[in-house]
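Just the heavy atoms: all of them, side chains too, but no hydrogens, waters or symmetry mates, feed the values below. All ligand and atom numbering here is 1-based and tracks the order in the structure.
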Amino acid sequence: MSTGVSRGTSRTVHVPLPGREYDVVIGAGVLEQAGALMVPLLRRKRVAIVTDTHVAERHLARVVEILAASGIAAESLVLPAGEATKAWGPLGTTVDWLLAQRIERSDLVVALGGGVIGDLVGFAAAILRRGVRFVQVPTTLLAQVDSSVGGKTGINSVHGKNLIGAFHQPVLVLADTDVLTTLPRREFLAGYGEVVKYGLLGDAGFFDWLEVNGPAMAAGDVVARIHAVTRSVRMKAEIVIRDETEQGDRALLNLGHTFCHALEAATGYSDRLLHGEGVAIGCGLAFELSARLGLCSQEEPGRVRAHLQAMGMRVGLADIPGDLPGAEELLALMGQDKKVVDGTLRFILARGIGEAFVTADVPKEAVLGLLRDGLAGR
Ligand code: NAD
Ligand code: GLY
């Protein structure tokens with residue numbers, strides 16, 4: 001695939017939710033259009049940007065400059081980087097800061113960062129003055145392909161991940177693939193876990209494409225990156241349009257997440273396991289479980305693992321450093337999953353690559369056996 005792409009090359013995915021529709025603008029250099037795209041959304045030319053320390057160091061000054069070129073004044077709040085920021089303390093800091101900035105309903109809040117900033121700032125915007133509009137400027141691959149689109153916002157609780165939150169759609173998403181050049185490789189590959197998820201859950205052709213083009217994409221191929229982000233966002237948008245508040249189909253987007261959330265809790269939401277790494281490992285486990293239950297062929301989990309391995313990613317429980325609790329405790333941690341209904345766990349399983357479905361019909365012993373075998377391989 002060619003690496004040459006003219007600056008400004010962009011794709012737009014429209015998310016036509018009635019009364020809350022918005023565009024996701026994707027491409028190399030689209031950040032340059034931030035001012036022009038925001039001016040029509042503003043009554044007064046003023047925005048509040050919330051970001052984290054890592055992103056501020058690399059991208060904040062440029063964003064402020066781009067907005068200033070369109071006459072938009074920007075104040076900014078810089079929060080500590082990391083998952084621990086998705087908590088009550090930083091949420092309170094953010095809301096109080098936005099109030100101190102006298103941000104009104106007709107103003108815009110800008111979430112400049114990865115999924116942590118997007119989730120936290122989106123939630124702050126949802127509860128500020130009972131709802132202020134916000135723009136997502138996702139700066140990680142994970143945020144560009146997943147968390148910035150669809151309106152799930154929130155923070156973590158001591159009881160589990162993402163348990164406090166609201167649905168609040170952004171009014172614009174600006175996904176500039178150029179900002180991914182400053183992203184550490186480990187973070188890029190973690191985001192790639194969510195990209196693979198889209199192929200696995202609903203598009204076998206996209207998974208075939210990733211098997212061929214994934215390595216070039218990770219190496220920096222801009223055209224491949226734009227294609228992968230656009231395909232992922234289209235799939236997410238199609239599902240969100242059908243089921244915004246996760247009454248049905250949207251749960252498919254959680255392929256791998258039941259395992260992932262338990263593993264993240266077990267590793268203390270720490271650097272030991274990034275969210276996207278947990279998703280990739282969780283997808284592998286979901287396919288292994290599907291094969292064990294006779295839902296898909298024995299070859300499919302092997303193919304999933306082989307692709308993750310070829311990308312240099314973490315593949316199974318054996319790749320998580322440090323101690324892990326036993327299978328029973330991991331299963332108990334899954335009990336806090338938001339897909340639990342009447343105490344029954346629901347899993348996303350697959351009849352093959354690209355053919356995921358939601359089911360509550362999973363014997364506990366099959367899950368325990370899978371976890372025990374994975375833990376024994378450590
Ligand atoms: P993150 O926001 O913590 O970003 C990862 C790291 O990369 C951080 O250290 C950050 O400071 C740094 N970073 C961000 N952009 C950078 C850049 N361009 N250059 C250099 N460093 C940069 O993590 P994430 O992986 O983006 O998001 C994970 C979070 O997203 C989790 O909390 C997860 O629950 C959430 N999530 C939400 C949804 C949703 O639908 N709302 C979907 C998936 C994941
Ligand atoms: N990332 C899962 C969802 O947005 O529903």
Side-chain angles (χ1 to χ4, degrees), residues 15 31 50-60 62-63 78-87 90 111-123 126 136-156 160-170 173 175-195 197-198 201 232-233 235-237 239-240 242-258 260-261 264-265 269-271 273-280 282 338-339 348:
V15 185
L31 212 46
V50 184
T51 187
D52 74 21
T53 44
H54 297 159
V55 180
E57 202 179 300
R58 292 157 182 84
H59 301 289
L60 179 60
R62 200 171 133 249
V63 172
V78 181
L79 296 169
E83 186 71 29
T85 288
K86 262 177 67 172
L112 173 68
V116 164
I117 286 296
D119 282 10
L120 172 93
V121 177
F123 188 36
Q136 289 269 21
V137 182
T139 62
T140 62
L141 179 61
L142 181 141
Q144 295 194 350
V145 298
D146 195 348
S147 61
S148 64
V149 179
K152 275 190 184 175
T153 71
I155 58 172
N156 302 325
K161 187 132 165 106
N162 296 333
L163 292 179
I164 304 150
F167 287 98
H168 187 51
Q169 300 291 342
V173 182
D176 188 340
T177 51
D178 279 355
V179 300
L180 302 179
T181 53
T182 60
L183 195 62
R185 184 174 171 78
R186 185 178 172 199
E187 294 290 352
F188 186 90
L189 289 180
Y192 188 80
E194 299 276 10
V195 176
K197 175 193 81 176
Y198 287 106
L201 77 87
S232 303
V233 168
M235 285 185 70
K236 177 143 192 187
I239 292 175
V240 168
R242 286 204 302 274
D243 178 21
E244 184 184 5
T245 57
E246 202 167 309
Q247 307 303 310
D249 270 9
R250 186 163 179 168
L252 293 173
L253 292 169
N254 288 323
L255 177 63
H257 283 61
T258 308
C260 169
H261 289 166
E264 282 185 284
Y269 304 107
S270 69
D271 198 36
L273 184 74
L274 302 178
H275 175 75
E277 294 173 335
V279 171
K338 289 190 293 312
K339 291 185 296 304
I348 318 302

Enquirer: Just by distance, no angles: are the side chains of Thr182 and His59 close enough, under 3.5 Å, to form a donor-acceptor pair?
Expert: yes
Enquirer: With a cut-off of 4.0 Å, which atoms of ligand 2 are near a heavy atom of Lys236?
Expert: 1 (N), 3 (C), 4 (O)
Enquirer: Within the side chain of Gln169, is there an N or O that forms a donor-acceptor pair under 3.5 Å with the backbone of Gly151?
Expert: yes
Enquirer: Enumerate the protein residues lying less than 4.0 Å from ligand 1, judged by heavy-atom distances, in chain and residue-number order.
Expert: Asp52, His54, Val55, Arg58, His59, Ala81, Glu83, Lys86, Gly114, Gly115, Val116, Asp119, Thr139, Thr140, Leu142, Asp146, Ser147, Lys152, Lys161, Asn162, Val179, Thr182, Leu183, Pro184, Glu187, Glu194, Lys236, His275
Enquirer: Lys197 and Asp146: side chain to side chain contact (heavy atoms under 4.5 Å, CB included), yes or no, with the steps?
Expert: CA-CA 10 Å; Lys197 175 193 81 176; Asp146 195 348; 2.8 Å; yes
Enquirer: Would you indicate whether the side-chain heavy atoms of Glu187 and His54 approach each other to under 4.5 Å?
Expert: no
Enquirer: If you compare all heavy atoms of Asp243 against all heavy atoms of Arg250, which two are closest, and at what distance to 0.1 Å?
Expert: OD2-N, 2.8 Å
Enquirer: Decide yes or no on side chain to side chain contact (heavy atoms under 4.5 Å, CB included) for Lys152 and Asp119, but give the supporting numbers first.
Expert: CA-CA 7 Å; Lys152 275 190 184 175; Asp119 282 10; 5.9 Å; no
Enquirer: Give the atoms of ligand 2, by number and element, whose distance to some non-hydrogen atom of Asn254 is under 4.0 Å.
Expert: 2 (C)
Enquirer: Measure the distance from atom 1 (N) of ligand 2 to every protein heavy atom, then report the residue, atom name and distance (to 0.1 Å) of the closest one.
Expert: Asp146 OD1, 3.2 Å
Enquirer: Would the distance check show the side chain of Thr85 and the main-chain N or O of Pro80 forming a donor-acceptor pair, the cut-off being under 3.5 Å?
Expert: yes
Enquirer: Does a side-chain N-to-carboxylate-O contact under 4.0 Å join Asp271 and Arg186?
Expert: yes
Enquirer: Which residue supplies the protein heavy atom nearest to atom 3 (C) of ligand 2, what is that atom called, and how far is it?
Expert: Lys152 NZ, 3.4 Å
